[in-house]
Visitor: 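Quick one: this structure, given as structure tokens, is what I'll be asking you about.
Whatever order the structure lists ligands and atoms in, that order sets their numbers, starting from 1. Residues: numbered from 1 along the sequence shown.
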Amino acid sequence: MAKIKRVLVAGGAGFLGSHLCERLVTAGHDVICLDNFFTSQKSNVSHLLGLPNFELIRHDVIEPIILEADEVYNLACPAAPGHYQYNPIKTMKTSLVGSINMLGLAKRCRAKILQASTSEVYGDPDVHPQPETYRGNVNTLGLRACYDEGKRAAESLFMDYRRVHKMPVRIVRIFNTYGPRMHPFDGRVVSNFIRQALTGEPITIFGSGNQTRSFCYRDDLVEAMIRMMDNENDFVGPVNIGNPGEFTIRELAELVIRLTGASSEIISKPLPADDPRQRQPDISLAKAQLDWEPKVPLAEGLKKTIDWFRSIDFEQYRPPTPMY
Ligand code: NAD
Ligand code: UDP
């Protein structure tokens with residue numbers, strides 16, 4: 001039987017974190033989910049609450065905490081542009097101070113620790129597709145910098161803790177991921193388009209709609225994260241995790257309309273500043289090191305996501321907690 005581990009998932013009540021918790025609990029591990037519910041709600045993990053190997057702690061990672069764990073997944077950070085730009089200083093603190101606190105906890109426990117980094121470390125990339133060796137094109141002064149630079153600094157911290165304290169760290173760079181339990185009002189393109197299609201609102205395309213993204217279904221993503229944590233080769237990364245299938249935003253809008261059978265019109269809105277023009281992961285490293293590649297095509301993942309959006313009551317979801 002596989003060894004039972006004590007696993008801490010910071011940001012565990014979020015879209016990806018709740019699925020990760022579910023996978024780990026199902027595998028029999030002892031899971032602590034830590035979250036301040038800034039961009040999530042308890043309903044994401046309420047089905048796990050009665051289980052003996054699941055525990056939920058309301059806590060903000062910018063404050064230190066003493067817990068015991070063999071592994072730590074650090075996902076605590078608002079991820080959608082609207083969420084992370086809502087209080088940009090707090091976003092930067094969450095990536096910096098939050099990472100320091102989680103790294104400190106892992107150091108004390110001699111735990112392995114994985115950082116959920118992002119394709120945003122590449123900014124608006126002028127190399128396409130993006131390999132891990134590409135150093136990126138981020139506007140340090142722009143609206144996205146609180147997130148992009150926070151995540152870049154967190155990667156530096158992880159590498160320094162490794163060099164200084166010889167810690168087993170792991171870094172994954174996650175590309176756009178979607179699926180059930182996305183916050184319906186997070187403003188991300190998949191959740192916006194599906195919600196708009198299901199409620200008959202116009203589908204809002206920002207800019208020309210010719211900008212591209214590559215969309216990964218959450219099950220594929222969570223599988224890769226677990227493989228990365230579990231790898232015995234001391235492969236630190238950073239490693240790109242995403243689905244290389246690249247679509248324009250207009251193609252996505254048309255696909256969502258087709259799959260939902262919606263009659264929504266498509267309207268144009270201004271393109272937000274620093275919006276990356278293209279994004280596609282080079283996943284050669286993940287294939288070689290983790291024997292991983294995504295399995296779920298976009299249309300199939302969207303159908304599952306649409307079914308979930310149909311099943312929820314949008315009124316039960318609130319915008320992020322006001323911080324000012
Ligand atoms: P999410 O917003 O659903 O999840 C983030 C979770 O972190 C939420 O539950 C939120 O309440 C919690 N959180 C935020 N600030 C916190 C704090 N200070 N203390 C404690 N908890 C805090 O977003 P997600 O899509 O599930 O993203 C999870 C992680 O993956 C994030 O770190 C994000 O940057 C990274 N990521 C996600 C994507 C994606 O496409 N989903 C892409 C790149 C990177
Ligand atoms: N976008 C859009 N309409 C929306 C939301 C987003 O056209 O209602 C665009 C956005 O400008 C970007 C892409 O979709 O080009 C992906 O946006 P998202 O916020 O999901 O993630 P990003 O990859 O930009 O962080």
Side-chain angles (χ1 to χ4, degrees), residues 9-21 33-42 44-45 57-63 65 73-85 87 90-91 93-95 97-99 101-102 114-121 124 144 147-148 150-151 154 172-179 181-183 186-196 201-216 218 221-222 225 240-242 247-250 252-253 266-279 320-321 323:
V9 183
F15 157 53
L16 292 176
S18 61
H19 286 290
L20 179 61
C21 286
C33 167
L34 187 153
D35 209 298
N36 71 347
F37 302 109
F38 175 49
T39 60
S40 58
Q41 51 287 311
K42 271 183 264 179
N44 281 352
V45 287
I57 301 178
R58 182 188 285 265
H59 179 80
D60 194 310
V61 289
I62 71 165
E63 303 294 341
I65 187 165
Y73 288 85
N74 185 30
L75 276 68
C77 186
H83 282 165
Y84 67 66
Q85 289 169 25
N87 185 343
K90 175 70 191 255
T91 299
K93 267 193 195 167
T94 298
S95 275
V97 184
S99 291
N101 285 332
M102 291 301 108
L114 177 145
Q115 168 65 356
S117 190
T118 169
S119 52
E120 283 285 317
V121 300
D124 183 11
R144 297 174 86 104
Y147 182 72
D148 301 8
K151 289 284 190 180
V172 294
R173 290 182 179 157
I174 303 171
F175 284 63
N176 297 61
T177 302
Y178 68 97
R181 291 200 208 124
M182 291 187 92
H183 193 298
D186 66 10
R188 289 192 258 202
V189 70
V190 174
S191 32
N192 261 11
F193 284 3
I194 295 179
R195 196 196 69 252
Q196 290 163 341
E201 290 168 49
I203 307 265
T204 52
I205 289 191
F206 299 165
S208 66
N210 293 330
Q211 69 271 38
T212 66
R213 293 293 186 274
S214 305
F215 300 99
C216 186
R218 57 116 216 253
L221 193 283
V222 168
M225 257 205 270
N240 289 339
I241 305 293
F247 295 83
T248 67
I249 294 306
R250 186 166 295 278
L252 177 73
I266 293 181
I267 60 167
S268 290
K269 293 256 183 171
L271 188 68
D274 295 331
D275 199 283
R277 284 158 300 168
Q278 53 184 359
R279 186 179 287 155
T321 313
M323 291 261 174

Visitor: To which protein heavy atom is atom 38 (C) of ligand 1 closest, and what is the distance rounded to 0.1 Å?
Guide: Ile174 CG2, 3.8 Å

Visitor: Indicate, as side chain, backbone, both or neither, the part of Ser117 found under 4.0 angstrom from ligand 1 when only non-hydrogen atoms are considered.
Guide: backbone

Visitor: Side chain or backbone of Met182 under 4.0 Å from ligand 1, or both, or neither, by non-hydrogen atoms?
Guide: neither

Visitor: Quick test: of every protein heavy atom, which one is nearest to atom 31 (C) of ligand 1, and how far off is it to 0.1 Å?
Guide: Leu75 O, 3.3 Å

Visitor: Measure Thr94 to ligand 1 on non-hydrogen atoms and call it side chain, backbone, both or neither using the 4.0 Å cut-off.
Guide: side chain

Visitor: May I ask you to identify, for Tyr147, whether its side chain, its backbone, both or neither come under 4.0 Å of ligand 1 on a heavy-atom basis?
Guide: side chain

Visitor: Just to be sure I'm reading this right: ignoring hydrogens, which of Cys77, Gly11, Ala116 gets closest to atom 5 (C) of ligand 1? Compare them by their nearest heavy atoms.
Guide: Cys77

Visitor: Nearest protein heavy-atom contact for atom 17 (C) of ligand 1: which residue, which atom, what distance?
Guide: Asn36 ND2, 3.4 Å

Visitor: Pairs under 3.5 Å, N/O atoms on ligand 2 and on the protein: can you put them in a table with the distances?
Guide:
{"unit_1": "ligand 2", "atom_1": "3 (N)", "unit_2": "Thr204", "atom_2": "O", "d": "2.6"}
{"unit_1": "ligand 2", "atom_1": "7 (O)", "unit_2": "Phe206", "atom_2": "N", "d": "2.8"}
{"unit_1": "ligand 2", "atom_1": "8 (O)", "unit_2": "Asn192", "atom_2": "ND2", "d": "2.8"}
{"unit_1": "ligand 2", "atom_1": "8 (O)", "unit_2": "Thr204", "atom_2": "O", "d": "3.2"}
{"unit_1": "ligand 2", "atom_1": "8 (O)", "unit_2": "Thr204", "atom_2": "OG1", "d": "2.9"}
{"unit_1": "ligand 2", "atom_1": "11 (O)", "unit_2": "Asp275", "atom_2": "OD2", "d": "2.6"}
{"unit_1": "ligand 2", "atom_1": "15 (O)", "unit_2": "Gln211", "atom_2": "NE2", "d": "3.0"}
{"unit_1": "ligand 2", "atom_1": "15 (O)", "unit_2": "Arg213", "atom_2": "NH2", "d": "3.4"}
{"unit_1": "ligand 2", "atom_1": "15 (O)", "unit_2": "Asp275", "atom_2": "OD1", "d": "2.6"}
{"unit_1": "ligand 2", "atom_1": "15 (O)", "unit_2": "Asp275", "atom_2": "OD2", "d": "3.3"}
{"unit_1": "ligand 2", "atom_1": "20 (O)", "unit_2": "Val189", "atom_2": "N", "d": "2.8"}
{"unit_1": "ligand 2", "atom_1": "23 (O)", "unit_2": "Asn176", "atom_2": "ND2", "d": "2.9"}
{"unit_1": "ligand 2", "atom_1": "23 (O)", "unit_2": "Arg213", "atom_2": "NE", "d": "2.7"}
{"unit_1": "ligand 2", "atom_1": "23 (O)", "unit_2": "Arg279", "atom_2": "NH1", "d": "2.7"}
{"unit_1": "ligand 2", "atom_1": "24 (O)", "unit_2": "Arg144", "atom_2": "NH2", "d": "2.9"}
{"unit_1": "ligand 2", "atom_1": "24 (O)", "unit_2": "Arg213", "atom_2": "NH2", "d": "3.1"}
{"unit_1": "ligand 2", "atom_1": "25 (O)", "unit_2": "Arg144", "atom_2": "NH2", "d": "2.9"}

Visitor: To check your reading of the model: name the closest protein heavy atom to atom 3 (O) of ligand 1, its residue, and the distance in Å.
Guide: Phe15 N, 2.9 Å

Visitor: Less than 4.5 Å apart, side chain to side chain, heavy atoms only: is that true for Met102 and Val61?
Guide: yes

Visitor: Should the ring pair Phe247 and Phe215 be called parallel, tilted or perpendicular, given that the plane angle runs from 0 to 90° and is split at 30 and 60?
Guide: tilted

Visitor: Assess Gly98 for proximity to ligand 1: is some non-hydrogen atom of it under 4.0 Å away?
Guide: no

Visitor: To check your reading of the model: name the closest protein heavy atom to atom 27 (O) of ligand 1, its residue, and the distance in Å.
Guide: Ala79 CB, 3.6 Å

Visitor: Is Ala80 near ligand 1, meaning one of its heavy atoms is under 4.0 Å from it?
Guide: no

Visitor: List for me each residue that meets side chain to side chain donor-acceptor pair (under 3.5 Å) alongside Ser191, sequence neighbours excluded, and say none if there are none.
Guide: Asp186

Visitor: Specify the protein heavy atom at minimum distance from atom 18 (N) of ligand 1: its residue, its atom name, and the distance to 0.1 Å.
Guide: Asp60 OD1, 2.9 Å

Visitor: Below 4.0 Å from ligand 1: does a non-hydrogen atom of His59 turn up there or not?
Guide: yes

Visitor: Which heavy atom of the protein is the closest neighbour of atom 2 (O) of ligand 1, given with residue, atom name and distance?
Guide: Thr39 OG1, 2.6 Å

Visitor: Identify the protein heavy atom lying closest to atom 26 (O) of ligand 1, giving its residue, its atom name and the separation to 0.1 Å.
Guide: Leu16 N, 2.8 Å

Visitor: Hey, is Arg188 one of the residues with a heavy atom under 4.0 angstrom from ligand 1?
Guide: yes

